[in-house]
Amino acid sequence: GVASVRFICGTQSVHKELEARLSAFLGMDDTILYSSCFDANGGLFETLLDEQDAVISDALNHASIIDGCNFAPGKLIPFRHNSASSLENRLKRLPDEAGRVVILDGVFSMSGDIADLPEINAAAKRHHAAMYVDEAHSLGVLGRQGRGAVDHFGLNDEVEIVMGTFSKSLGSMGGFIAG
């Protein structure tokens, strides 16, 4: 750390270096650091969505995801836990002009089960929805060299947004969003 958050202390070269390394590690175009994964989940949706958009969220997502979804100006639509068919039913009902983001944990924190990302991603793509996977509990555990659930299922080129934390398997503070 540099004694405070970036908007107070500024962006340092070490921030940019870590963002570049994370982007390369995850196979993403860019990354932005946050002070925590809770802040990352809380800060993205209010900048990403408009009132006519929808965030479609697994019913058993982590509290930080639910809080972030509640900050969004769009509509929050839950789908049955880890169910691609429930997700598809929710997506079918959305108006064509609505932007849509499907969000879920790569590994669910309370149950420990792994998201059915291949089926859920396929349902999302059939309905032109972006995918956001919270890798807080899968980073360092699943995938090649611990790249997470997205990598575990080989969906690196399919998932648009990945959130991660340094506070679980990496043993530090902070979070990030890569896309």
Side-chain angles (χ1 to χ4, degrees), residues 5-8 11 15 19 22-23 26-110 115-139 148-150 153 155-165 174-179:
V5 293
R6 283 166 81 169
F7 73 86
I8 293 173
T11 297
H15 293 121
E19 288 169 344
L22 281 168
S23 297
L26 296 168
M28 295 294 205
D29 292 334
D30 208 353
T31 300
I32 186 167
L33 298 173
Y34 286 82
S35 57
S36 71
C37 63
F38 211 98
D39 288 339
N41 278 332
L44 182 72
F45 287 114
E46 62 186 322
T47 60
L48 188 64
L49 301 174
D50 290 327
E51 288 79 17
Q52 75 274 8
D53 297 332
V55 59
I56 306 92
S57 175
D58 189 288
L60 294 186
N61 275 340
H62 189 271
S64 66
I65 295 172
I66 302 305
D67 284 353
C69 292
N70 286 329
F71 292 135
K75 185 174 183 177
L76 171 59
I77 303 169
F79 68 95
R80 195 170 57 250
H81 175 58
N82 222 2
S83 171
S85 62
S86 176
L87 170 63
E88 190 139 22
N89 286 332
R90 302 306 188 273
L91 289 166
K92 285 180 189 175
R93 297 180 186 152
L94 292 173
D96 290 339
E97 65 276 3
R100 45 200 83 195
V101 177
V102 174
I103 183 167
L104 71 163
D105 287 295
V107 171
F108 292 90
S109 61
M110 298 305 286
D116 185 5
L117 288 179
E119 293 299 318
I120 289 171
N121 180 65
K125 298 309 176 204
R126 281 192 292 274
H127 297 279
H128 311 290
M131 286 287 294
Y132 179 126
V133 178
D134 180 324
E135 296 275 35
H137 299 97
S138 51
L139 188 69
V150 171
F153 288 111
L155 296 171
N156 304 68
D157 294 333
E158 298 279 326
V159 172
E160 289 84 1
I161 304 166
V162 169
M163 192 285 301
T165 183
F176 64 87
I177 291 184

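- Ring planes of Phe108 and His81: perpendicular class, angle over 60° (limits at 30 and 60°).
- Put simply, the side chain of Leu94 reaches to within 4.5 Å of the side chain of Ile77, judged on heavy atoms.
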Q | side chain to side chain contact (heavy atoms under 4.5 Å, CB included) between Ser85 and Arg80, intermediate numbers included | A | CA-CA 9 Å; Ser85 62; Arg80 195 170 57 250; 3.6 Å; yes
Q: Could you go through the side chain to side chain contact (heavy atoms under 4.5 Å, CB included) check for Val101 and Asp53 one step at a time?
A: CA-CA 8 Å; Val101 177; Asp53 297 332; over 6 Å; no
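- What you find for Leu60 and Asp58 is that their closest heavy atoms are N-OD1, 2.8 Å.
- In plain terms, the two heavy atoms of Ala124 and Leu91 that are nearest each other are CA-CD1, 3.9 Å.
- Within the 4.5 Å cutoff, side-chain heavy atoms of Leu104 are placed close to those of Leu117.
- By the 4.5 Å heavy-atom criterion applied to side chains, Leu26 and Phe176 are counted as neighbours.
- Using a 4.5 Å heavy-atom threshold, the side chains of Thr31 and Val162 count as separate.
- Between Tyr132 and the choices Val159, Ile177, Val55, the side chain to side chain contact (heavy atoms under 4.5 Å, CB included) rule is met once, by Ile177.
- The number of heavy-atom neighbours closer than 6.0 Å to CG of Asp29, taken from other residues, nucleotides and ligands shown, is 12 or below.
- When all heavy atoms of Ala123 and Glu88 are compared, the pair lying nearest together is CB-OE1, 3.9 Å.
- Minimum heavy-atom separation, Ser138 to Gly106: OG-CA, 4.1 Å.
- Screening Val150, Ile120, Ile103 for a side chain to side chain contact (heavy atoms under 4.5 Å, CB included) with Met131, the sole residue that qualifies is Ile120.
- Distance check, rounded to the nearest 0.5 Å: CG of Leu76 to OG of Ser57 gives 5.5 Å.
- Within the structure, side-chain hydrogen bond (donor to acceptor under 3.5 Å, both in side chains) pairs that include any residue of residues 89-109 comprise Ser86-Arg90 (at least two apart or interchain).
- The closest donor-acceptor contact from the side chain of Glu19 to the backbone of Asp30 lies at 3.5 Å or more, if one exists at all.
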Q) Going through the checks in order, is the salt bridge (Lys or Arg N to Asp or Glu O under 4.0 Å) test met by Lys125 and Glu158? A) CA-CA 9 Å; Lys125 298 309 176 204; Glu158 298 279 326; 5.2 Å; no
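- In terms of modelled atom types and a separation under 3.5 Å, the side chain of Asn82 and the main chain of Asp116 share a donor-acceptor contact.
- Between Val102 and Phe79, the shortest heavy-atom contact is CG1-CE2, 4.2 Å.
- Pairing each heavy atom of Gly179 with each of Met28, the nearest pair is O-CB, 3.5 Å.
- Proximity of a side-chain donor or acceptor of Asp134 to a complementary backbone N or O of Ala136 within less than 3.5 Å is detected.
- When side chains are defined from C-beta on, Ile161 counts as touching Leu48, because their heavy atoms get closer than 4.5 Å.
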